[in-house]
Protein chains: 2
Amino acid sequence: MAKHDTDLSLLFHALADPTRRSMLTKLAETPVSVTDLAGPTGLRLPTVMRHLSVLEEAGLITTAKDGRVRTCAIVPEALVPARTWLDEQRALWEAQLNRLDAFVMQAMKGREE
Amino acid sequence: MAKHDTDLSLLFHALADPTRRSMLTKLAETPVSVTDLAGPTGLRLPTVMRHLSVLEEAGLITTAKDGRVRTCAIVPEALVPARTWLDEQRALWEAQLNRLDAFVMQAMKGREE
DNA sequence: GTATTACTTAGCATTATGGCTAAGCATGAT
DNA sequence: ATCATGCTTAGCCATAATGCTAAGTAATAC
């Protein structure tokens, strides 16, 4: 499988967890430290770190350490591959819808005769 | 967590596997039997069934049995929640981009003085 | 210089995922 | 009636995912 397949898998997998999605939503507002991110989740720090590394490996966030504080921020273009894939699928799926329409039309036409 | 959160998790999780994505792409062409779907994957039937049930629970496909053949088909509107979520995020993330722009502008302005 | 804060690392427990084989069951062909 | 086909179920194995605690380390505050 192509590399961009792997990318998509990482991306969708990262998005498949509600905790991670809410982290992203929070980060969309403004960059935030690890502890501040952890706060609302009720999860322990090591657990949060793990979620962050999943997000980072998927390319969805970057983190940088300044002193003892690590600040996390979204990577704005990271969602593009997911959107692109969905758009492609929508095109394909619509094509099938049209074919179904055509089939139904055909069937109705046949019936009329 | 809200129910539609669960839906999204199921959806993204279903999409996070390359085998399942290629099944969807094939099904986007035309509805197909389980065995025909299994063919190109090189996977055993029980394994394929498992993937299919993940796709079905995510609402991405429907299946119906006619005689001894089960035919699988995509559910065209099933990708909508994923698209919607991505669109919402894009809006939020762009807002932050704009804020960053503003910040940079401010910084540059400050520097000029 | 000691304590606190903010992560980090290591390691553990539980559950989920993705693959398999073997055996079952219903339908269609002979 | 018998056999082949197409799925289905049950159960196993290995690995990955998600949570934790406990014990680090490094930077800051006192």
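Every chain is numbered from 1, with letters handed out A, B, ... down the list of sequences.
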Next on the checklist: Assess the residue pair A:Leu52 and A:Val48 against the criterion (side chain to side chain contact (heavy atoms under 4.5 Å, CB included)); give the C-alpha distance rounded to whole Å, side-chain angles, the decisive distance to 0.1 Å, and a yes or no.
Outcome noted: CA-CA 6 Å; A:Leu52 289 176; A:Val48 171; 4.1 Å; yes
Item to check | B:Leu43 backbone acceptor or donor facing B:Thr47 side chain under 3.5 Å | outcome: no
Could you list the protein-to-nucleotides 21-26 of chain D atom pairs, N/O on both sides, closer than 3.5 Å?
{"residue": "D:dT21", "atom": "OP2", "partner": "A:Arg44", "partner atom": "NE", "Å": "3.4"}

Next on the checklist: Test: salt bridge (charged side-chain N to carboxylate O under 4.0 Å, His left out). Region: residues 16-26 of chain B. Which pairs qualify, not counting sequence neighbours?
Outcome noted: A:Asp5-B:Arg21
Item to check | B:Lys65 side-chain N/O to D:dT8 phosphate OP1/OP2 under 4.0 Å | outcome: yes
Checklist entry - chain A on DNA chain C: first and last contacting nucleotide, 5' to 3', under 4.0 Å to a heavy atom? => result C:dT4 to C:dT9
Checklist entry - What residue pairs, at least two apart or across chains, pass side chain to side chain donor-acceptor pair (under 3.5 Å) with a residue in residues 64-77 of chain B? => result B:Thr63-B:Arg70
Item to check | Position toward the 5' end of DNA chain D (nearest nucleotide), A:Asp66 or A:Gly42 | outcome: A:Gly42
Item to check | Near-strand residues of residues 49-60 of chain A, defined as heavy-atom separation under 4.0 angstrom from DNA chain D | outcome: A:Arg50, A:His51
Item to check | Minimum heavy-atom distance between B:Ala28 and B:Ile74, given as atom pair plus value | outcome: CA-CD1, 3.9 Å
Checklist entry - Is the shortest heavy-atom distance from the side chain of B:Thr84 to the side chain of B:Val80 under 4.5 Å? => result yes
Item to check | Heavy-atom pair with the smallest gap, counting every atom of A:Cys72 and A:Val34 | outcome: SG-CG2, 4.1 Å
Item to check | Whole-Å distance separating the CE atom of A:Met23 from the P atom of D:dT18 | outcome: 11 Å
Checklist entry - Do any pairs count as a salt bridge (charged side-chain N to carboxylate O under 4.0 Å, His left out) and have a residue in residues 30-47 of chain B, sequence neighbours left out, and if so which ones? => result none
Checklist entry - Relative to each other, are the rings of A:Phe12 and B:Phe12 parallel, tilted or perpendicular (30° and 60° limits)? => result parallel
Next on the checklist: Measuring only between side-chain heavy atoms, which start at C-beta, is B:Leu60 closer than 4.5 Å to B:Val75?
Outcome noted: no
Checklist entry - Between D:dA17 atom P and A:Asp17 atom CG, what is the distance in whole Å? => result 12 Å
